[in-house]
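Notes to accompany the following structure.
Just follow the structure's listing: the first ligand is 1, and inside any ligand the first atom is 1.
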Amino acid sequence: MERVALRFLVATALILSVATVISGELVNETSATAGLLWSTGKDESDLLSKAEPENSNNSSSSAVVNDHEDLDGGFSSLEGMLHWAIGHSDPTKLKEGAEDAQRLSASELQKRQLELKELIEKMKMPSDAELMRMAIDDLNNSSSSLGDRQRALQELLILVEPLDNANDLNKLGGLAIVIQELDHPDQDIRRLSAWVLGKACQNNAAVQKQILELGALTKLIKMVQSTSIEEAIKALYAVSALIQNNLAGQEIFYAEAGDTMLQEILSNSSNDIRLRRKAVSVVADLAEYQLENIAIAESPCFRNHLFLNSVVDLTASTDLDLQEKALVAIKNLLQLKTTEALVFKDFCNLDGSLERMRQQLLDLMAEEDRRDYAVDLETLRREVEQIFHEKLGKVENTASLVSGYNFHAILF
Ligand SMILES: *[C@@H]1O[C@H](CO)[C@@H](O)[C@H](O)[C@H]1NC(C)=O
Ligand SMILES: *[C@@H]1O[C@H](CO)[C@@H](O)[C@H](O)[C@H]1NC(C)=O
Ligand SMILES: *[C@@H]1O[C@H](CO)[C@@H](O)[C@H](O)[C@H]1NC(C)=O
Ligand SMILES: *[C@@H]1O[C@H](CO)[C@@H](O)[C@H](O)[C@H]1NC(C)=O
Ligand SMILES: *[C@@H]1O[C@H](CO)[C@@H](O)[C@H](O)[C@H]1NC(C)=O
Ligand SMILES: *[C@@H]1O[C@H](CO)[C@@H](O)[C@H](O)[C@H]1NC(C)=O
């Protein structure tokens, strides 16, 4: 059975439970719905075994929750699944089910749940490709309501997670359709579309290439400047996924002044903290890519004093996560050939920033619950300090060599 088919199974069990909830009976039976789950990366057998409560052999309405929620957002997969399940069910049948449930005894209901479960297992479940096709058709239909579109995008968000599905999306014409939705007048549709694109191309060079060829990066960079913060965050997420370890993507990114966009986000402390964290992570990634690919030309932004300063300034943030991400970025930036130690020293006052951070972390270490984190951060801070002083040391050695040479030249 396909993984999505299993989702369908869980969804149907959920509907049954919902029907029971509606009937107002068997509350104990249905309390399991509160813990119903949605597994994104589990094997069928794994999920099925978990779906059977250990001490009850015959309840199909309960299942274990294991939500691998992405770090990047707050998509309620349970809700999405419910919408999907209900959207693809017959409301009359659902109502009948609820009415029937009311008349059934506990054991009768359990029997029916078992029967239903068997029935579902025998039914032909739609494949992931078929589910994607349905979602794409909904998006590609001018009569689709806003709700249909939202649901279709939320389905795609889940469906594109497995690599094979992401690779199929373009074959089904889905990428172009989702990219079109980036222009939708509704900002939530735009946000979801950016999110789907980011998810589809994350760590997937083939899909990155397809999306870049369809010209979506330029549009996404503009979307980062949206006044809707949620839209901006998802757009930046998609930009980041598109350019990560991708030279062609980075070339477009720089050509479209993506670095200036990052600098503006970093240097304006009124911006949403999530946006700033993401922006500084993108800087760290870009610098890391250059470190790993020394043959490619280094981006001019790494020679830009203001750009570097906007990163160093983040160490003064009150947000520890932002500080940590800034340290990682600085560590990478310091190791680039193009960045100059003296710029970090004189223009950015990196010494002062590192010292201020050291004192702040010392205070933090005195707090029981934050000590471990503070210790980790201090280790990273010291590492940055060491790399910085090594880089400065090289400059000073060169300087003394040069002055020695000059002295020599004067004498002779
Ligand atoms: C529901 O559960 C509670 C305790 O969890 C129990 O006291 C009660 O009898 C149960 N009701 C039914 C109808 O099983
Ligand atoms: C569940 O029921 C089946 C038969 O209905 C039985 O063979 C099996 O041993 C039962 N499992 C448990 C854990 O009670
Ligand atoms: C649960 O299933 C077992 C056999 O698997 C059966 O003997 C028992 O009556 C069932 N319990 C209920 C409440 O239906
Ligand atoms: C487009 O959507 C409308 C309304 O949901 C539906 O009636 C129609 O069949 C759809 N068209 C296609 C080509 O799927
Ligand atoms: C979108 O719909 C048009 C007809 O309205 C069709 O020609 C086209 O192939 C569809 N695109 C996709 C990707 O399904
Ligand atoms: C800083 O960001 C805030 C909120 O995003 C915005 O209103 C303001 O115009 C920005 N300031 C500058 C100088 O760009």
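- When only modelled atom types and interatomic distance are considered, Ser193 and Glu181 share no side-chain donor-acceptor pair under 3.5 Å.
- Protein heavy atoms are found inside the 4.0 Å sphere centred on atom 2 (O) of ligand 4.
- Taking each of Leu172, Asn140, Asn141 in turn, the one with a heavy atom nearest to atom 8 (C) of ligand 5 proves to be Asn140.
- In this structure, the protein non-hydrogen atom closest to atom 5 (O) of ligand 6 is Asn271 OD1, 3.0 Å.
- Side-chain N or O atoms of Asn293 include one that pairs as donor or acceptor with a backbone N or O of Tyr289 at under 3.5 Å.
- Within ligand 5, counting atoms from 1 as listed, the ones closer than 4.0 Å to a heavy atom of Arg133 are 12 (C), 14 (O).
- Counting protein heavy atoms under 4.0 angstrom from atom 10 (C) of ligand 5 gives one or more.
- Atom 13 (C) of ligand 4 is never approached by the protein to below 4.0 angstrom, counting heavy atoms only.
- A side-chain donor-acceptor contact under 3.5 Å links Asn271 to the backbone of Ile265.
- With rounding to the nearest 0.5 Å, the separation of OG1 in Thr260 from CZ in Phe307 is 8.5 Å.
- For atom 4 (C) of ligand 4, the nearest non-hydrogen atom of the protein is Ser143 CB, 4.0 Å.
- Under a 4.0 Å criterion applied to the non-hydrogen atoms of Ile177, ligand 5 contributes the atoms 13 (C).
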- Item | Working for side-chain hydrogen bond (donor to acceptor under 3.5 Å, both in side chains), residues Ser317 and Asp319 | CA-CA 5 Å; Ser317 163; Asp319 184 81; 5.1 Å; no
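- Checked by atom type, the side-chain pair Ser310/Asp313 shows no donor-acceptor distance below 3.5 Å.
- No donor-acceptor distance shorter than 3.5 angstrom exists from the side chain of Gln150 to the backbone of Ile189, with no hydrogens or angles considered.
- Using a 4.0 Å heavy-atom cutoff, Lys171 is absent from the residues neighbouring ligand 5.
- Counting the atoms of ligand 6 from 1 in the order shown, those under 4.0 Å from a heavy atom of Asn268 are 1 (C), 2 (O), 3 (C), 8 (C), 10 (C), 11 (N), 12 (C), 14 (O).
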